[in-house]
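Convention: sequence-line order gives letters A, B, ...; per-chain numbering from 1.
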Amino acid sequence: MIDGNGADGVSGGRLKAADNPVLQNIWDIVAMIPHGRVSTYGNVARAAGLARGARQAGYALRMTPPGMKLPWHRVLGAGGRIVFPMSSPQHREQARRLRAEGVAVKGGRVDSSAIVDLDEL
DNA sequence: TGTATGACCCTGA
DNA sequence: CTCAGGGCCATAC
């Protein structure tokens, strides 16, 4: 395995997002967020190894293929606020899901008590 | 190889 | 509290 090409499972050159270890790592972090709790992009990114890769966390979630069960709605922006615009369907979707889990959403923001620290996981 | 983009974050006015 | 600007890091073209 000196050439790098034809490494574990990945052969053919370009690395697909679904096979990207970084995204997989982020997905794993998001997937381990407990029910009824929420986290932030920066927090998740840091847990994935990216100290300032909050955007990458969002990128990973955006790259999430349909069919994958991932609690993306438990990931919020800094301060526990939803990053989506108020009039956006995604905002409503996320807020709806959070409320379904017992998380209070007010003005596009959730109670800071609902935010869980990565240290607790 | 370099430029452009983004489900972000922080600081200042 | 709201608005604007700059910074950071990885992916896409």
Side-chain angles (χ1 to χ4, degrees):
Chain A
M1 49 152 50
I2 43 179
D3 56 305
N5 191 10
D8 356 64
V10 181
S11 52
R14 187 146 357 106
L15 192 67
K16 281 155 99 170
D19 296 333
N20 197 313
V22 178
L23 299 185
Q24 223 176 18
N25 200 349
I26 293 176
W27 290 337
D28 188 45
I29 301 294
V30 176
M32 77 158 134
I33 299 177
H35 176 91
R37 302 283 170 178
V38 294
S39 188
T40 63
Y41 288 97
N43 227 335
V44 172
R46 196 159 72 165
L50 306 170
R52 277 90 190 169
R55 309 192 82 167
Q56 275 51 286
Y59 207 89
L61 290 181
R62 193 189 196 262
M63 235 303 235
T64 305
M68 173 182 286
K69 303 184 200 75
L70 197 70
W72 59 269
H73 54 276
R74 293 179 193 159
V75 184
L76 305 171
R81 58 179 188 69
I82 301 178
V83 299
F84 300 106
M86 264 301 220
S87 316
S88 203
Q90 295 233 32
H91 184 128
R92 265 195 297 173
E93 180 72 31
Q94 189 167 18
R96 190 188 71 82
R97 283 199 174 209
L98 289 174
R99 286 177 188 168
E101 294 190 354
V103 180
V105 182
K106 287 290 194 189
R109 275 179 53 180
V110 305
D111 192 83
S112 23
S113 318
I115 305 177
V116 61
D117 235 356
L118 294 170
D119 216 24
E120 303 227 356
L121 313 177

Hey, could you give me each pair passing salt bridge (Lys or Arg N to Asp or Glu O under 4.0 Å) that has a residue in residues 71-88 of chain A? Not counting sequence neighbours.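 As it turns out, the salt bridge (Lys or Arg N to Asp or Glu O under 4.0 Å) pairs with a partner in residues 71-88 of chain A, which skip direct neighbours, are A:Arg74-A:Glu101.
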Using the salt bridge (Lys or Arg N to Asp or Glu O under 4.0 Å) rule, collect all pairs that involve residues 82-94 of chain A, keeping only residues at least two apart or in two chains.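 The answer is A:Glu93-A:Arg96, A:Glu93-A:Arg97.
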Could I get the full list of side chain to side chain contact (heavy atoms under 4.5 Å, CB included) partners for [X], not counting sequence neighbours?
{"X": "A:Gln56", "value": "A:Leu50"}
{"X": "A:Pro89", "value": "none"}
{"X": "A:Phe84", "value": "A:Trp72, A:Ile82, A:Ser88, A:Gln90, A:His91, A:Gln94"}
{"X": "A:Thr40", "value": "A:Asn43, A:Ile115"}

For DNA chain C, whose closest nucleotide is more 5', that of A:Leu50 or that of A:Arg109?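 Between the two, 5'-proximity favours A:Arg109.
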Going 5' to 3' through nucleotides 7-13 of chain B and flagging B where a protein heavy-atom sits under 4.0 Å of the base, S where only the sugar-phosphate is that close, and - otherwise, we get BBSS---
State, with a plain yes or no, whether a side-chain heavy atom of A:Tyr59 is found less than 4.5 Å away from one of A:Ile26.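 When only atoms from C-beta onward are counted, A:Ile26 and A:Tyr59 do not touch, as no gap falls below 4.5 Å.
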Would you tabulate the pairs of protein nitrogen or oxygen atoms and nucleotide nitrogen or oxygen atoms of nucleotides 2-4 of chain B closer than 3.5 angstrom?
none

Pairing residues for A:Asp111 by the side-chain hydrogen bond (donor to acceptor under 3.5 Å, both in side chains) criterion, not counting sequence neighbours: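 Applying side-chain hydrogen bond (donor to acceptor under 3.5 Å, both in side chains) to A:Asp111 gives A:Ser113.
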